[in-house]
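What follows is one structure encoded as structure tokens, with my remarks underneath.
Hydrogens, waters and symmetry mates play no part in the numbers below; they use all other heavy atoms, side chains included.
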Amino acid sequence: MPVRPGWLDQLARALKNWSDSKRGKRKGPRMGFPRYKSKRKTTPSVRFTTGTIRLEEDRRHVTFPVLGTIRARESTRKLHRRIAAGTAVVKSATARREAGRWFVSFTC
């Protein structure tokens, strides 16, 4: 499947799962047509799968394409070391806003 922006990728996957489920190609119970989430009731979050997700040299800041630089609460020293050594690659990063703060989780 080609790489798309975060929400477009999720929508494409949901439609494919629904289509495969309807045709009987997908195991498990039948899936319904994908529904859109309310902007008011859900936690605002964004998933970055492409673009430059950069860990700064001070190991306390993470830079995203649209959000800009966000300070990390914990040190990202271990992740920074593994990326520099070539033993880890950041596949995606999910940023969510909770209680007035941004929280980031990485998928490596």
Side-chain angles (χ1 to χ4, degrees):
M1 193 170 234
V3 178
R4 297 179 179 95
W7 66 272
L8 210 59
D9 183 44
Q10 293 168 358
L11 177 62
R13 285 183 189 188
L15 287 171
K16 183 173 179 356
N17 286 339
W18 169 72
S19 176
D20 289 349
S21 174
K22 195 170 181 180
R23 292 184 192 141
K25 291 183 182 179
R26 191 173 192 278
K27 289 183 179 179
R30 263 202 180 168
M31 292 187 66
F33 190 79
R35 297 185 197 153
Y36 293 103
K37 290 183 179 179
S38 168
K39 285 185 180 180
R40 284 177 262 163
K41 294 179 184 177
T42 60
T43 304
S45 67
V46 61
R47 186 169 146 215
F48 295 98
T49 55
T50 58
T52 49
I53 302 164
R54 190 172 62 234
L55 298 172
E56 299 297 332
E57 289 299 321
D58 64 353
R59 298 181 177 141
R60 281 290 186 184
H61 293 85
V62 182
T63 303
F64 293 106
V66 177
L67 293 178
T69 304
I70 297 176
R71 185 180 184 279
R73 178 84 173 149
E74 298 174 5
S75 175
T76 57
R77 189 175 122 228
K78 287 182 181 180
L79 181 59
H80 194 275
R81 233 185 308 146
R82 289 186 178 165
I83 290 171
T87 57
V89 176
V90 176
K91 295 287 185 182
S92 70
T94 304
R96 72 183 195 285
R97 188 165 172 85
E98 218 173 90
R101 296 178 180 219
W102 285 98
F103 291 89
V104 180
S105 61
F106 295 101
T107 304
C108 298

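With rounding to the nearest 0.5 angstrom, the CZ atom of Arg81 is 11.0 Å from the OG1 atom of Thr76. How far NE2 of His80 is from CG of Asp58: 9.0 Å, rounded to the nearest 0.5 Å. Atom CD of Glu56 and atom CZ of Arg71 lie 13.5 Å apart (nearest 0.5 Å). Atom OG1 of Thr107 and atom CZ of Arg47 lie 7.0 Å apart (nearest 0.5 Å).
Put simply, the side chain of Thr87 gets close to the backbone of Arg82: a donor and an acceptor are under 3.5 Å apart.
In the hydrophobic cluster analysis, where Ile, Leu, Val, Met, Phe, Trp and Tyr join through side-chain heavy atoms closer than 4.5 angstrom, Val104 is grouped together with Leu55. Linking ILVMFWY residues whenever their side-chain heavy atoms come closer than 4.5 Å, directly or via other members, leaves Val89 and Phe106 in distinct clusters.
The shortest distance between side-chain heavy atoms of Val62 and Trp102 does not fall below 4.5 Å.
Other residues, nucleotides and ligands place more than 12 heavy atoms under 6.0 Å from the CZ atom of Arg60.
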Inset, instruction - With side-chain contact (heavy atoms from CB on, under 4.5 Å) as the test, would you mind laying out the steps for Phe64 and Thr69 before giving the verdict? - result: CA-CA 6 Å; Phe64 293 106; Thr69 304; over 6 Å; no

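Nearest heavy atom pair, residue Leu15 against residue Pro34, reads CD2-CG, 3.8 Å. Here the closest heavy-atom approach between residue Phe48 and residue Ile53 is recorded as O-CD1, 3.6 Å.
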